[in-house]
*Asks:* 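Below you will find the structure I want to go over with you.
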Amino acid sequence: MKFLIYRYDPESGKKPFMQAFELKDIEPGMMLRDALLKLKAEDETLAFRHSCGEGVCGSDAININGKNGLGCLIPVSSLKEPVEVRPVPGMPIIRDLVVDMSQFYHHYRGVKPWLIVHDPEPEVEYLQSPQERDRLDGLYECILCGCCSTSCPSFWWNPDKFRGPAALLQSYRFLADSRDQATKERLEDLDGPYRMFRCHTIMNCVNVCPKNLNPTAAINNIKKLMVKDMV
Amino acid sequence: MSMDLPRRQFDTLVIGAGGGGLRAALQLAQADANVAVVSKVFPTRSHTVAAQGGINAALANVLPDNWHWHMYDTIKGSDYLGDQDAIEYMCRAASHLVVELEHAGVPFSRLDNGRIYQRPFGGQSQNFGGEQAARTCAAADRTGHVILHSLYQQNIRAKTHFFDEYFAIDLIRDDNGFILGALVLEIETGEPLLIEAKTTLLATGGAGQLFRTNTNAHINTGDGLAMALRAGIPLQDMEFFQFHPTGIAGRGMLITEGARGEGGYLINRDGERFMERYAPHAKDLASRDVVSRAIYTEVKEGRGCGAKADHVLLKLDHLGKAVLEKRLPGICETSRTFLHIEPAEEPIPVYPTAHYTMGGIPTNRFGQVVVPVEQGEECIPGLYAAGECACVSVHGANRLGGNSLLDIVVFGRAAGNDIIKFLRNNRYHRKIDENSVQAALDHLHRWDKKGEGESVAEIRADLQAVMEEYCGVFRTEEILQQGVEKVLEIEQRMQHVHLKDHSRIFNTARIEAMEVENLINIAVATVTSALARQESRGAHSRIDYPDRNDKQWLKHSLFFKEGRRLDYKPVTLQPLSVETFPPKPRVY
């Protein structure tokens, strides 16, 4: 199987280039991460992030044949050859497939992704009905891999000001939580032309999310809450 | 040389950003201690994220329960090797800490009355060995994910100082035995950094990568265990390694015990629910060591499934699609992705898979690292350990499902509290021992040497194959003896390995080389301890010594790197406030 992999070594003084690799024995069920690990066993200079191998740690977001995804969840048998593997777009590249995620994390922290409750704490759990809890499904599963934000043209254009789909999904995860008491502050914080309203519902985020989450729907729900808050 | 080294000073250095490290860091940050968390991956990538089934606490939301029953089950599960003071402490703290996690934002699944959902798990009983209990608090089958994310979120709120993608190389220790911090490596730049700290907490997780087929992440290389060994600290009970009964056969992805807790069961090639034979009372919810041995035996005796008859099946279809999607969405997803199987229609092929390091750095219930002295034991000043890398020991010879997430929050917090006390009595940084810094730098620079020879990848693959074959579910003197020799041979080969990649920036080859060094140190500890223990207890099953031998072996092993020496210390049978549970035959 043929691969073309983006290589960049900042210490070499060379420009980035696409390196051709070939892998002989493709085992049934082999995922792209397995293939990259085999290639790395041959050439240890190939750098990429990965860890759990089952789509829960979110380390190995990469761009595969033009689409963002997690290397560990994509069977090589599903890919057209040569398989082009690049770092996720729009982020500063550190080396090979490794990008600098600082801005992505900055926006995540920016939405205050923690439960805010003003009332005194009871000695038992806060009560939440199964129906209230169901509203968090499709939100809490985010693994912060960054596939969505780095596929979003609005995030490419305004990476410093637009929070991006991942951070906005997180924001809505707390807005939707029946236990949270900071709705007003959270909404005020997202107001203005950039932080949220740069979303133009291009929906690349929905298309690439490896956990099948829907950040666009979350953003629309935040907008609805804002309207409700105004009237 | 070491004078040019950049240096930072903190009150506390936490190494590892899984649940244990983050829970401790939170306790410290809230007490206004100046705390640095060093992690070789971004915190939410830590392996706590992969825990599925839940966290044990006797909330009694579903069935009657209390902490004392939980304590009994944990001691029985440990095959009486657990320390009863620490187990009482953990089980008493459990409910409070789960409620605290809920208050911190963890989106637990809910019951109709709005309280936290709890499911039955293996080894749980009501009333000291009676009916099945339902003690495991769950957020669907993503409980580790929600706990890790919530703890990280609380730490950003508390302004904990994070060093993301820094790899810890070695502890710094002075001649008086004080631990003064660690030498770490910034992965992005390849630059070493000395972090000086009045207290250091190791929370680096387990070493599942010792074995070829495992449920663990690539990063689970037991770095803290090896750092402790190199600092002269022994490792305790390393012969006890848990094989989870239900890893996906041949691949290793974890299928939570919660699948059986929700009503799933195992079948062999005849469609027989074989656990009824091995554990008539608890059946599929017997302890993990019991279920793993049963699966292994079924396959060995020719009752395995599939073309090679090399696994058994986990049947879930009778639970119905609605329950599976609601309670076990993650394992449904995993089955589809990796097996193209719909669990609502077809059973999942499973086999015992390396999962959890019961042994580790010896600590007491305050998280202090303790070593034997002539009379009793003493603390290593300034050093703490918590979570899977520590051996308190609450899991003894076999950990119960749902007790690992509990362990990390209980002892992460306990360590945090004791560190606060230590800081009160030790206000100033001690003078750094430059020889110790130089030794750590030498360790790092060993990988600058150039030359030909084998690759790290080959060594790693061979080590994992050897451990799987010579230190697996069932063991004998002969097999373990060969295992020791083979691991020592690999240790020798590693001396002659050179890197081809000598770049500085994000050099993953160098990190992996140091990880494999760590694994080798731990493998030696594991096989050596296993060879010495001539009995069967919990996860350590010796065909040549099939019975538990309390007379000679009701004691903890301690392995020292120097001279590969073994020592032993007694099990604490005296709880804090209740009566002891004396060892008795363990049947499920």
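Any value given below was found using the heavy atoms of this structure, including those in side chains, with hydrogens, waters and symmetry copies removed. Quick note on labels: first sequence line is chain A, next is B, and so on, each numbered from 1.
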*Asks:* Can you give me the closest heavy-atom contact between A:Gly164 and A:Ser149, atom names plus distance?
*Replies:* C-OG, 3.9 Å
*Asks:* If I compare all heavy atoms of B:Leu22 with all of B:Phe162, which pair ends up nearest, and what's the gap?
*Replies:* CD2-CE2, 3.6 Å
*Asks:* Of all of B:Val456, B:Thr508, B:Asn507, B:Leu101, which one pairs up most often with chain A through heavy atoms under 4.5 Å apart?
*Replies:*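 The option with the most such pairs is B:Thr508.
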*Asks:* Does atom CG of B:Asp112 have more than 12 heavy-atom neighbours, drawn from other residues, nucleotides or ligands, at distances under 6.0 Å?
*Replies:*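 No.
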*Asks:* Residue by residue, scan residues 17-34 of chain A and write down, ordered by number, those that have a heavy-atom distance under 4.5 Å to chain B; if none do, write 'none'.
*Replies:*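 Residues of residues 17-34 of chain A touching chain B at under 4.5 Å: A:Gly29, A:Met31, A:Arg33, A:Asp34.
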*Asks:* Return the option, out of A:Val56, A:Leu144, A:Ile74, with the maximum number of heavy-atom pairs under 4.5 Å with chain B.
*Replies:* A:Leu144
*Asks:* Heavy-atom pairs under 4.5 Å with chain A: which of B:Val49, B:Thr334, B:Thr215, B:Val98 has the most?
*Replies:* B:Val49
*Asks:* Indicate whether any N or O donor in one side chain lies under 3.5 Å from an N or O acceptor in the other, for A:Arg163 and A:Tyr108.
*Replies:*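 Not at all, the side chains of A:Arg163 and A:Tyr108 share no donor-acceptor pair under 3.5 Å.
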*Asks:* Which pair of heavy atoms, one from A:Pro10 and one from B:Ile505, lies closest together, and at what distance?
*Replies:* CG-CD1, 3.7 Å
*Asks:* Which heavy atom of B:Arg45 sits nearest to which heavy atom of A:Ile143, and what is that distance?
*Replies:*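 Closest heavy-atom pair between B:Arg45 and A:Ile143: NH1-O, 3.0 Å.
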*Asks:* Who among A:Arg109, A:Arg49, A:Lys211 has the most heavy-atom pairs with chain B under 4.5 Å?
*Replies:*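 Looking at each of A:Arg109, A:Arg49, A:Lys211 in turn, A:Arg49 comes out on top.
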*Asks:* Determine which residues belonging to residues 97-104 of chain A lie within contact range of chain B, meaning some heavy atom pair is under 4.5 Å apart, and list them by number or answer 'none'.
*Replies:*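 Expected list: A:Val98, A:Met101.
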*Asks:* Under 4.0 Å between a side-chain nitrogen and a carboxylate oxygen: does that hold for A:Glu84 and A:Arg86?
*Replies:* yes
*Asks:* Would B:Asn155 and B:Thr160 count as a side-chain hydrogen bond (donor to acceptor under 3.5 Å, both in side chains) if you check the C-alpha gap in whole Å, the side-chain angles of each, and the deciding distance to 0.1 Å?
*Replies:* CA-CA 5 Å; B:Asn155 270 285; B:Thr160 300; 2.7 Å; yes
*Asks:* What parts of residues 119-131 of chain A touch chain B if we use heavy atoms and a cut-off under 4.5 Å?
*Replies:*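 The residues closer than 4.5 Å to chain B, in numerical order, are A:Glu121, A:Pro122, A:Glu123, A:Val124, A:Glu125, A:Tyr126, A:Leu127, A:Gln128, A:Ser129, A:Pro130.
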*Asks:* Heavy-atom pairs under 4.5 Å with chain B: which of A:Leu73, A:Leu136, A:Asp43 has the most?
*Replies:* A:Leu73
*Asks:* Under 4.0 Å between a Lys/Arg side-chain N and an Asp/Glu carboxylate O for A:Asp9 and A:Arg95?
*Replies:* no
*Asks:* So which of B:Lys500, B:Met253, B:His47, B:His145 has the biggest tally of heavy-atom pairs under 4.5 Å with chain A?
*Replies:*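 Ranked by heavy-atom pairs under 4.5 Å with chain A, first place is B:His145.
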*Asks:* Looking at B:Asn61, B:Val41, B:Ile116, which has the largest count of heavy-atom pairs under 4.5 Å with chain A?
*Replies:*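 Heavy-atom pair counts peak at B:Ile116.
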*Asks:* Determine all donor-acceptor pairs shorter than 3.5 Å in which one atom belongs to a side chain in residues 509-516 of chain B; sequence neighbours excluded.
*Replies:*
unit_1, atom_1, unit_2, atom_2, d
B:Glu512, OE2, B:His218, NE2, 3.2
B:Glu515, OE2, B:Lys40, NZ, 2.7

*Asks:* Can we say A:Glu132 and A:Arg179 salt-bridge, meaning some charged N sits less than 4.0 Å from an Asp/Glu carboxylate O?
*Replies:* no
*Asks:* Based on non-hydrogen pairs under 4.5 Å, which of A:Ala47, A:Ser12, A:Cys142 is most in contact with chain B?
*Replies:* A:Cys142
*Asks:* Looking at A:Cys52, A:Ser51, A:Gly53, A:Gly55, which one has more heavy-atom pairs under 4.5 Å with chain B than the rest?
*Replies:*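 Winner by heavy-atom pair count: A:Ser51.
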*Asks:* In plain terms, say whether A:Glu141 and A:Arg173 are close enough for a salt bridge, that is, a side-chain N and a carboxylate O under 4.0 Å apart.
*Replies:*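 Salt bridge flag = no for A:Arg173 with A:Glu141.
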*Asks:* Please report the C-alpha distance between B:Phe108 and B:Tyr117 in whole Å, then the side-chain angles of each, then the deciding distance to 0.1 Å, and finally whether the ring pair (Phe, Tyr, Trp, His ring centres under 6.0 Å) criterion is met.
*Replies:* CA-CA 7 Å; B:Phe108 283 108; B:Tyr117 173 74; over 10 Å; no
*Asks:* Give the ring-plane orientation class for A:Phe48 versus A:His50, where under 30° counts as parallel, over 60° as perpendicular and anything between as tilted.
*Replies:*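 Tilted: the ring planes of A:Phe48 and A:His50 meet at 30° to 60°.
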*Asks:* Between A:Lys40, A:Gln170, A:Lys112, which has the largest tally of heavy atom pairs under 4.5 Å with chain B?
*Replies:* A:Lys40
*Asks:* With rounding to the nearest 0.5 angstrom, report the CD1 to CZ distance, A:Ile116 to A:Phe174.
*Replies:* 8.5 Å
*Asks:* Between CD1 of A:Ile219 and SG of A:Cys205, what distance do you get to the nearest 0.5 Å?
*Replies:*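 Interatomic distance, A:Ile219 CD1 to A:Cys205 SG, rounded to 0.5 Å: 6.0 Å.
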*Asks:* Got a salt bridge between B:Arg504 and B:Asp448, using NZ or NE/NH1/NH2 to carboxylate O under 4.0 Å?
*Replies:* no
